[in-house]
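Presented below is the structure to which this report refers.
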Amino acid sequence: MRPQTIEEVVGQDHILGPGKLLRRVIEADRLTNVIFYGPPGCGKTTLAEVIAKATKRNFVRASGVLSNVADIRAICNRARNELGGEGTILFIDELHRFNKSQQDILLPYVEDGTVVLIGATTHNPNFFINTPLTSRSLVFELKPLSPQAIGILLDRAVRDKENGVGDINVVFDEDAKNFLATISEGDARHALTALEIAVRSTATDDEGRVHLTLDIIQECVQRRQVKYDKTEEGHYDTISAFIKSIRGSDPDAAIYWLGKMLVAGEDPRFIARRLVISASEDIGNADPRGLTVAVAAMQACDFVGMPECAINLAQATTYLASAPKSNASCMAISEAMADIESGAVQPVPEHLKNKHIKAIGSNEVTEYKYPHNFANHYVKQEYMYAPKQYYRPTQQGYEATIGKRLEALKPKFT
């Protein structure tokens with residue numbers, strides 16, 4: 001069922017849409033070195049196969065799992081001897097499987113144009129591919145396929161009599177198809193495999209049909225459907241319950257809602273972004289480490305991916321839910337921005353301006369008192385023409401310590 005032409009490829013519109021760079025170079029057969037980076041089943045090898053059918057150049061396949069240095073040398077030396085022809089495209093699947101030394105073997109051949117390299121990897125090229133190779137290549141990141149895109153591929157497979165299961169009278173319930181498209185988490189290969197298992201293992205009914213219901217699909221993929229619409233109320237209601245449970249210091253409820261979102265196929269990066277927001281909005285300086293934990297969890301989601309990053313999200317969720325709470329920082333910036341938007345815009349005091357800027361009508365640079373030159377690294381001076389207290393520390397967690405320090409240093413605002 002692999003697409004044969006660029007028109008048959010679904011998804012990846014950010015690089016394959018009309019007028020996009022990759023589409024233009026494929027259609028014009030002017031491909032330079034490229035590295036396709038993305039999760040399994042998103043179309044990396046498919047794009048290489050499309051290029052193989054579209055190009056007039058020799059197209060040679062290799063594998064980072066099966067090929068060795070001798071194989072690569074032989075391919076490249078043969079390509080060098082054929083330079084009088086139309087050139088050679090070398091496709092290496094699982095390129096990250098080559099170690100740094102093996103990747104270095106490619107450099108002279110890529111450098112002098114002996115081969116045009118197409119590399120496919122599920123790993124971030126910035127970490128797993130030699131910099132000299134990435135600097136000589138266009139790196140295209142492929143995204144997990146959307147449920148809509150996978151739904152299109154499933155419909156094709158049901159209709160295709162030669163390559164799919166179209167030779168069988170299949171009735172595919174819409175809710176079953178939508179569940180499979182969603183539960184596959186952007187992996188077309190996983191979805192098509194599950195469809196084939198369902199069709200081949202389901203007995204025909206009295207009318208000679210293979211009727212694929214939601215129960216049958218759930219049995220084939222060994223997962224149950226969670227009622228959760230990622231574009232409507234299920235999505236917004238669940239993330240709302242999640243954040244409010246963290247704000248309410250209930251780690252058990254927060255973990256439950258986190259689990260529901262992950263089982264339903266929610267993007268873990270979306271959850272991580274909301275944790276980062278909550279760390280400052282709801283915890284703030286009551287526990288400044290909360291933001292560090294949340295940002296680390298967000299980075300872990302990109303680096304590790306599902307299913308393992310669920311553990312990172314769980315750690316961040318329980319930490320934030322259990323931490324002391326303060327919204328003082330959030331309230332402070334909201335109040336300051338509201339003042340500015342209402343027209344209360346103050347000029348910068350002269351002594352706070354760039355030290356090279358002189359006050360108008362003066363030959364002297366306005367004096368700025370450098371706090372580190374004074375006892376306790378503090379000196380009283382004016383930082384706003386019209387002082388106003390925006391940040392009001394609470395007595396929660398570490399923020400109570402912050403409040404005591406500020407009280408000791410600064411006079412009360414009036």
A side-chain contact here means heavy atoms from C-beta on lying under 4.5 Å apart; do [X] and [Y] qualify?
{"X": "L212", "Y": "V171", "value": "no"}
{"X": "F172", "Y": "I217", "value": "yes"}
{"X": "Q381", "Y": "K369", "value": "yes"}
{"X": "D287", "Y": "Y319", "value": "yes"}
{"X": "L21", "Y": "I15", "value": "no"}
{"X": "H123", "Y": "L95", "value": "no"}
{"X": "P144", "Y": "C42", "value": "no"}
{"X": "Q103", "Y": "N99", "value": "no"}

Can a donor-acceptor pair be found between the side chains of [X] and [Y] at a distance below 3.5 Å?
{"X": "E399", "Y": "Y391", "value": "yes"}
{"X": "R289", "Y": "Y398", "value": "no"}
{"X": "T213", "Y": "D215", "value": "no"}
{"X": "E94", "Y": "S63", "value": "no"}

Using side-chain contact (heavy atoms from CB on, under 4.5 Å) as the criterion, list what pairs up with E7, not counting sequence neighbours.
->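 E7 satisfies side-chain contact (heavy atoms from CB on, under 4.5 Å) with T5, R23, E27 only.
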Parallel, tilted or perpendicular: which describes the rings of F128 and H96, with under 30° parallel and over 60° perpendicular?
-> perpendicular
Between Y383 and H351, how do the two ring planes meet: parallel, tilted or perpendicular, split at 30° and 60°?
->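 Y383 and H351: tilted rings.
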In terms of heavy-atom contacts, does CE of M306 have more than 12 from other residues, nucleotides or ligands at under 6.0 Å?
->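 Check passes, neighbour count above 12.
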Tell me whether [X] contacts the main-chain N or O of [Y] through its side chain, where contact means a donor paired with an acceptor under 3.5 Å.
{"X": "T55", "Y": "I51", "value": "no"}
{"X": "Q12", "Y": "K143", "value": "yes"}
{"X": "R274", "Y": "F270", "value": "no"}
{"X": "S137", "Y": "V139", "value": "no"}
{"X": "R57", "Y": "T88", "value": "no"}
{"X": "Q346", "Y": "Y385", "value": "yes"}
{"X": "S67", "Y": "G64", "value": "no"}
{"X": "N130", "Y": "L133", "value": "no"}

Is a salt bridge present between R156 and D160, judged by a nitrogen-to-oxygen distance below 4.0 Å?
->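 Looking at D160 together with R156, the answer is no, because their closest N to O distance does not fall below 4.0 Å.
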Can you name the one residue among R61, K44, R2, Q4 that meets side-chain hydrogen bond (donor to acceptor under 3.5 Å, both in side chains) with E49?
-> R61
List in chain and number order the residues that pass salt bridge (charged side-chain N to carboxylate O under 4.0 Å, His left out) with E174, two or more places apart in sequence or in another chain; answer none if no residue qualifies.
->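 For E174 the salt bridge (charged side-chain N to carboxylate O under 4.0 Å, His left out) partners, ignoring immediate neighbours, are K177.
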Option passing salt bridge (charged side-chain N to carboxylate O under 4.0 Å, His left out) with D282 (candidates R247, K244, K325) =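 That would be R247.
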Name of the residue among V199, T204, T202 meeting side-chain contact (heavy atoms from CB on, under 4.5 Å) with I168 = V199
